[in-house]
Amino acid sequence: QVQLVESGGGLVQAGGSLRLSCAASKRTFSNYNLAWFRQAPGKEREFVAAITWSGGSTSYADSVKSRFAISRDNAKNTMYLQMNDLKPEDTAVYYCGLRLNYREATLYRSWNEYLYWGQGTQVTVSS
């Protein structure tokens, strides 16, 4: 069983920045791919960014590319999402997900490819 805990959300003005963190309970976190998704009220959960187990490969949704950066520190069992130039349309609950396939090279953008999820952290961007 893996527990994921997101933190770092909050209220920020448009153009501002936030850094989200996703801390994992399991030491073997470093062997698995991770992703960030978000869900706004009344909308489906959508892909934001993903990163391979080693951190060597990343993938981004077009809507956040060049503004967001995903990274991970396997020594700390933590993944990050640096969000810059935030827009009101970025407002959502942000979730981290872990895909339980050992040292996988492929990054997936569908939420149902990820087995474990955190409880989410709210990001609100005011205009």
Side-chain angles (χ1 to χ4, degrees):
Q1 186 75 12
V2 178
Q3 290 185 323
L4 302 173
V5 179
E6 302 96 335
S7 61
L11 173 64
V12 64
Q13 289 188 331
S17 297
L18 283 173
R19 189 174 82 153
L20 306 184
S21 298
C22 171
S25 61
K26 198 169 179 68
R27 185 167 51 86
T28 55
F29 161 97
S30 60
N31 293 314
Y32 303 108
N33 293 358
L34 297 162
W36 287 99
F37 285 75
R38 66 187 182 187
Q39 189 165 18
K43 294 188 177 182
E44 291 188 354
R45 190 170 296 192
E46 67 170 353
F47 172 78
V48 175
I51 188 166
T52 52
W53 60 275
S54 65
S57 182
T58 59
S59 177
Y60 295 93
D62 288 344
S63 59
V64 307
K65 199 176 294 185
S66 80
R67 298 189 298 123
F68 290 9
I70 189 172
S71 61
R72 65 191 296 167
D73 185 339
N74 286 339
K76 296 182 179 179
N77 283 2
T78 303
M79 174 179 66
Y80 304 98
L81 185 68
Q82 178 66 44
M83 305 187 296
N84 299 325
D85 189 24
L86 282 160
K87 305 176 186 300
E89 52 264 41
D90 295 318
T91 295
V93 178
Y94 283 70
Y95 298 91
C96 61
L98 183 147
R99 179 169 163 81
L100 204 64
N101 289 68
Y102 185 80
R103 296 194 174 186
E104 196 173 30
T106 302
L107 290 171
Y108 291 88
R109 296 183 170 218
S110 177
W111 66 267
N112 58 13
E113 296 286 353
Y114 294 83
L115 183 61
Y116 293 103
W117 294 93
Q119 82 292 345
T121 185
Q122 176 70 47
V123 172
T124 303
V125 184
S126 62
S127 57

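What's counted below: heavy atoms across the whole structure, side chains too, no hydrogens, waters or symmetry copies.
Linking ILVMFWY residues whenever their side-chain heavy atoms come closer than 4.5 Å, directly or via other members, places Tyr116 and Val48 in the same cluster. Leu115 is connected to Val2 through a chain of hydrophobic side-chain contacts under 4.5 Å among Ile, Leu, Val, Met, Phe, Trp and Tyr, so both are in one cluster. Cluster annotation: Leu18 is connected to Trp36 through the hydrophobic network of ILVMFWY side chains, with a link wherever side-chain heavy atoms come within less than 4.5 Å. Linking Ile, Leu, Val, Met, Phe, Trp and Tyr residues whenever their side-chain heavy atoms come within less than 4.5 Å leaves Leu86 and Tyr80 in two separate clusters.
Contact check for Met79 versus Leu20: no side-chain heavy atoms found under the 4.5 Å cut-off.
When all heavy atoms of Ala24 and Leu4 are compared, the pair lying nearest together is CB-CD2, 3.7 Å. What you find for Ala92 and Ala40 is that their closest heavy atoms are CB-N, 3.9 Å.
Note that CD1 of Ile70 and OH of Tyr60 are 6.0 Å apart. Values are rounded to the nearest 0.5 Å. Between Leu81 atom CG and Ser71 atom OG the span is 8.5 Å, to the nearest 0.5 Å. To the nearest 0.5 Å, atom CZ of residue Arg72 and atom OG1 of residue Thr58 are 12.0 Å apart. Of the inter-residue distances, the one linking Leu34 atom CG with Leu107 atom CG reads 10.0 Å to the nearest 0.5 angstrom. Atom OG of residue Ser7 and atom OH of residue Tyr94 lie 15.0 Å apart, to the nearest 0.5 angstrom.
A donor-acceptor pair is defined here as one N or O able to donate and one able to accept, closer than 3.5 Å; no such pair exists between the side chain of Thr78 and the backbone of Ala23. A donor-acceptor pair is defined here as one N or O able to donate and one able to accept, closer than 3.5 Å; no such pair exists between the side chain of Asn33 and the backbone of Asn101. Looking only at distances, no side-chain donor or acceptor of Arg67 sits under 3.5 Å from a matching main-chain atom of Gln82. For the pair Gln119 (side chain) and Val5 (backbone), a donor-acceptor distance under 3.5 Å is absent. Formation of a donor-acceptor pair under 3.5 Å by the Glu6 side chain with backbone atoms of Gly120 is found in this model.
Applying the 4.5 Å side-chain rule to ILVMFWY residues, one finds Phe37, Phe47, Val93, Tyr95, Tyr108, Trp111, Trp117 in the same cluster as Tyr114.
Annotation: salt bridge (Lys or Arg N to Asp or Glu O under 4.0 Å) contacts involving residues 74-83, sequence neighbours excluded, are absent. Annotation: salt bridge (Lys or Arg N to Asp or Glu O under 4.0 Å) contacts involving residues 41-59, sequence neighbours excluded, comprise Arg38-Glu46. Legend: salt bridge (Lys or Arg N to Asp or Glu O under 4.0 Å) pairs involving residues 47-61, not counting sequence neighbours: none detected.
Every residue two or more places apart in sequence or in another chain that forms a side chain to side chain donor-acceptor pair (under 3.5 Å) with Arg99 is listed here: Glu104, Glu113.
Using a 4.0 Å cut-off between a side-chain N of Lys or Arg and a carboxylate O of Asp or Glu, Asp90 and Lys87 do not qualify as a salt bridge.
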In a table with atom names and distances, give each donor-acceptor pair under 3.5 Å that connects a side chain of residues 50-57 to protein atoms at least two apart or in another chain.
unit_1	atom_1	unit_2	atom_2	d
Thr52	OG1	Gly56	N	3.3
Thr52	OG1	Ser57	N	3.0
Thr52	OG1	Ser57	O	3.4
Ser54	OG	Gly56	N	3.2

